Every structure is written in C-alpha cells, then in structure tokens.
There are 2 protein chains.
Amino acid sequence: MVGRPAIVELTSVALPDAELVARLFRTLGDATRLRVVELLIEQGELHQMEIVRRLDASQARVSEHLTCLIWCGFVSTRTEGRRTFYRVTDKRVRSLISSAHRFLSGNQAAIASCRKVDG
Amino acid sequence: MVGRPAIVELTSVALPDAELVARLFRTLGDATRLRVVELLIEQGELHQMEIVRRLDASQARVSEHLTCLIWCGFVSTRTEGRRTFYRVTDKRVRSLISSAHRFLSGNQAAIASCRKVDG
DNA sequence: ATCTATCAGCCGGTTTTCCGGATAGTAACA
DNA sequence: TGTTACTATCCGGAAAACCGGCTGATAGAT
C-alpha cells in the first residue's frame with residue numbers, strides 16, 4: 001500500500017551530535033554575526049536599521065544574519081509599530097561568548113596567525 | 001634610505017577583535033576538529049593513529065586538523081619515540097565546549113534546520 | 001642497511017559560505 | 001489609496017574551507 005508522504009518534519013534527518021555543535025560554533029564563526037550578537041548584548045535591544053548604522057553593514061546582510069541568529073535561537077524579537085526590535089535573551093549565549101573571550105586572552109597571536117587547514 | 005624589510009611578525013596585521021573571536025569559533029566549527037578535541041578531553045591523551053582509528057578519518061585529515069588545533073592553542077603535544085601524543089591541557093577549552101553543549105540542549109532542532117544565510 | 005610505522009605537507013577539485021546589488025513584501029500613516 | 005519607512009529574499013560571483021590522494025621525512029625494528 002502506497003500512502004501519501006509523511007508530514008515534513010523539521011529534523012527529518014538526525015544529525016550527529018558533533019555536527020550540531022560544530023554548526024553552533026559556525027554560527028558565531030562569522031565576524032558580522034558575532035558583532036551583531038555582541039552589540040545586542042551590550043545595548044540590550046535595537047531595531048534593524050540601528051544595527052545597520054552601528055555596524056556599517058548593508059541592510060540585506062544584517063537582515064539575513066538576523067534571520068539565521070533568530071532561527072538558531074541566539075536572538076529573539078519584538079515588533080512595535082513598523083519596527084522590529086532584536087535582543088539576546090538566553091543567558092547561555094552570553095556565557096558562551098565570554099567563555100570564548102576568556103580562552104582568547106593569551107592566544108590572540110596564535111589564533112590570528114593560524115592558517116587553518118590549508119595554506 | 002631603503003633598509004631591509006622588517007622581521008616578519010606573527011601578527012603583523014592586527015585583526016579586529018570580533019574577527020579573532022569569530023576565527024576561534026570557526027576552529028571548533030568543523031565536526032572533525034571538534035570530535036578530535038572532544039575525544040582528547042574524554043580520553044586524556046592519544047597518539048595520532050589512535051585518533052585516526054577511533055574517528056574513522058584519513059590520517060592526512062587528522063594530521064592537518066591537529067596542526068590547526070595545536071597552532072590555535074587547543075591541543076598540546078608530547079613526543080615519545082616515533083609517536084606523538086596529543087592532549088587538551090587548557091581547561092578553558094573544556095568550559096568553552098560545555099558552554100556550547102548547554103546552549104545546545106533545547107535548541108537542537110532549531111540549529112539542525114537552520115539554513116544559515118543563503119538557502 | 002632496509003623495511004615499517006607514524007606523522008607532515010602539497011595539490012586539484014568540490015562544496016560551503018559570504019557578499020553586493022537589485023528586488024519584493026509589509027505595516028504604518030497621510 | 002498612495003507613500004514612506006522598514007524588513008525579507010533572490011541572484012551571480014568570489015573567497016574560504018574541506019577532502020582524497022599522493023609524496024616526503026623520521027625513528028625504531030629486523
């Protein structure tokens with residue numbers, strides 16, 4: 001018997017745990033996305049055009065990065081009038097980033113000069 | 001007067017802080033590298049071929065990833081005979097990774113389905 | 001000395017990811 | 001309803017990163 005296909009699930013393909021964690025790290029592995037998150041942590045809440053101005057990035061870029069950050073649970077939103085405000089609510093995001101900063105102190109030079117895998 | 005060029009410095013170009021932190025995140029943003037680090041955290045100390053066997057990855061890949069991890073300060077080494085043993089000594093690495101795992105719990109589905117920037 | 005186990009480096013190809021620029025959608029407001 | 005903010009999406013092109021396969025180097029064993 002051939003039935004109709006099953007309802008599409010968000011996580012139809014179970015990714016291995018390491019791939020998930022790696023993906024999480026990659027989300028913060030882009031300087032622009034990271035700057036957005038850190039800016040929101042500092043400022044508390046901003047709407048998109050304000051982020052665009054402060055980071056001097058294109059609106060399209062910021063919009064796409066925000067979509068990604070929201071999707072992954074780093075940023076949450078609130079709409080007011082014709083503006084959408086973005087903020088970081090999850091405290092685990094802050095602790096993750098400060099963890100990174102702690103590791104970075106003393107390793108800046110090494111990481112700055114690391115050529116990654118291939119030269 | 002035209003002198004000889006200055007001695008090459010490791011960090012001749014000062015990278016902005018955000019780019020450094022992003023690069024740090026990207027280092028753990030590859031599943032294979034992450035698995036190497038987590039394996040070493042669990043097992044304490046392993047030589048390269050042992051890592052190759054346990055991860056079922058090619059020796060060349062593991063070697064290059066290890067080079068990167070050593071370079072960035074995640075992993076340190078000890079040579080004994082013709083073997084080199086690798087381990088994670090910096091406790092900040094552990095706390096960084098467990099920070100990530102804490103954030104991941106409750107966000108797996110979201111991160112698994114996130115399409116990043118472009119579709 | 002020769003062979004073997006272990007580790008490192010290079011190269012070509014493919015995939016992923018980022019960006020600029022243009023375009024389309026949406027909600028408030030006159 | 002038309003205009004004006006504001007936000008979202010699409011489309012090449014370019015750069016970064018990963019991988020497989022091969023080669024080279026070194027230290028111990030035979």
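This is a predicted model, so every value here is computed, not measured.
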| task | Figure out the CZ/P separation between A:Arg83 and D:dT7, and round it to whole Å. | result | 7 Å
| said: Without decimals, in angstroms, what is the distance between A:Arg23 CZ and C:dT16 P? | reply: 10 Å
| task | Kindly compute the distance separating CZ (B:Arg102) from OG (A:Ser99), expressed to the nearest 0.5 Å. | result | 7.5 Å
| field | base_contact_polar (D:dT4 base, A:Arg82 side chain, donor-acceptor, <3.5 Å) | value | yes
| field | Atom-pair distance (CD1 on A:Ile51; C1' on D:dA5), nearest Å | value | 16 Å
| task | Could you check whether A:Thr79 gets within reach of a base, just the sugar-phosphate, or nothing at all, counting any heavy atom under 4.0 Å? | result | nothing
| Distance, rounded to the nearest Å, where A:Asp30 contributes CG and C:dT16 contributes C1' | 13 Å
| task | Kindly give the heavy-atom pair with the smallest separation between B:Cys72 and B:Thr27, and that separation in Å. | result | SG-OG1, 4.0 Å
| message | Please report the distance, rounded to the nearest Å, between CZ in B:Arg26 and C1' in C:dC18. | response | 11 Å
| request: Would you mind telling me which of A:Val75, A:Ile97, A:Leu69 makes a side-chain contact (heavy atoms from CB on, under 4.5 Å) with A:Val88? | output: A:Val75
| Closer than 4.0 Å, any side-chain N/O of B:His65 to the OP1 or OP2 of D:dC19? | yes
Anything under 3.5 Å between a protein N or O and an N or O of nucleotides 8-13 of chain C, put it in a table, one pair a line.
| from | atom 1 | to | atom 2 | distance (Å) |
| --- | --- | --- | --- | --- |
| C:dA8 | OP2 | B:Gln48 | NE2 | 2.5 |
| C:dA8 | OP2 | B:Ser63 | OG | 3.3 |
| C:dA8 | OP2 | B:Tyr86 | OH | 3.3 |
| C:dA8 | N7 | B:Gln59 | NE2 | 3.1 |
| C:dA8 | N6 | B:Gln59 | OE1 | 3.3 |
| C:dC10 | N4 | B:Glu64 | OE2 | 2.7 |
| C:dC11 | N4 | A:Asp118 | OD2 | 3.4 |

| What's the CD-P distance between B:Glu19 and C:dT17, to the nearest Å? | 16 Å
| query | Of B:Leu28, B:Asp90, B:Thr89, which meets side-chain contact (heavy atoms from CB on, under 4.5 Å) against B:Phe74? | reply | B:Leu28
| said: Within the 4.0 Å heavy-atom criterion, would you say A:Arg33 contacts the bases, only the backbone, or no part of the nucleic acid? | reply: sugar-phosphate
| field | Atom-to-atom span, CD of B:Glu80 to C1' of C:dC7 - whole angstrom | value | 15 Å
| message | One pair to check against salt bridge (Lys or Arg N to Asp or Glu O under 4.0 Å): A:Glu38 and A:Arg35. What are the steps and the verdict? | response | CA-CA 5 Å; A:Glu38 293 190 330; A:Arg35 287 202 299 153; over 6 Å; no
| request: Let me know the distance between CZ of B:Phe25 and P of D:dA16, rounded to the nearest Å. | output: 21 Å
| field | Contact under 4.0 Å: A:His47 side-chain N or O vs D:dA5 OP1/OP2 | value | no
| Salt-bridge criterion met for B:Glu50 and B:Arg53 (N-O under 4.0 Å) | yes
| said: Quick one, A:Asn107 and B:Leu24 - any side-chain contact, counting heavy atoms below 4.5 Å? | reply: no
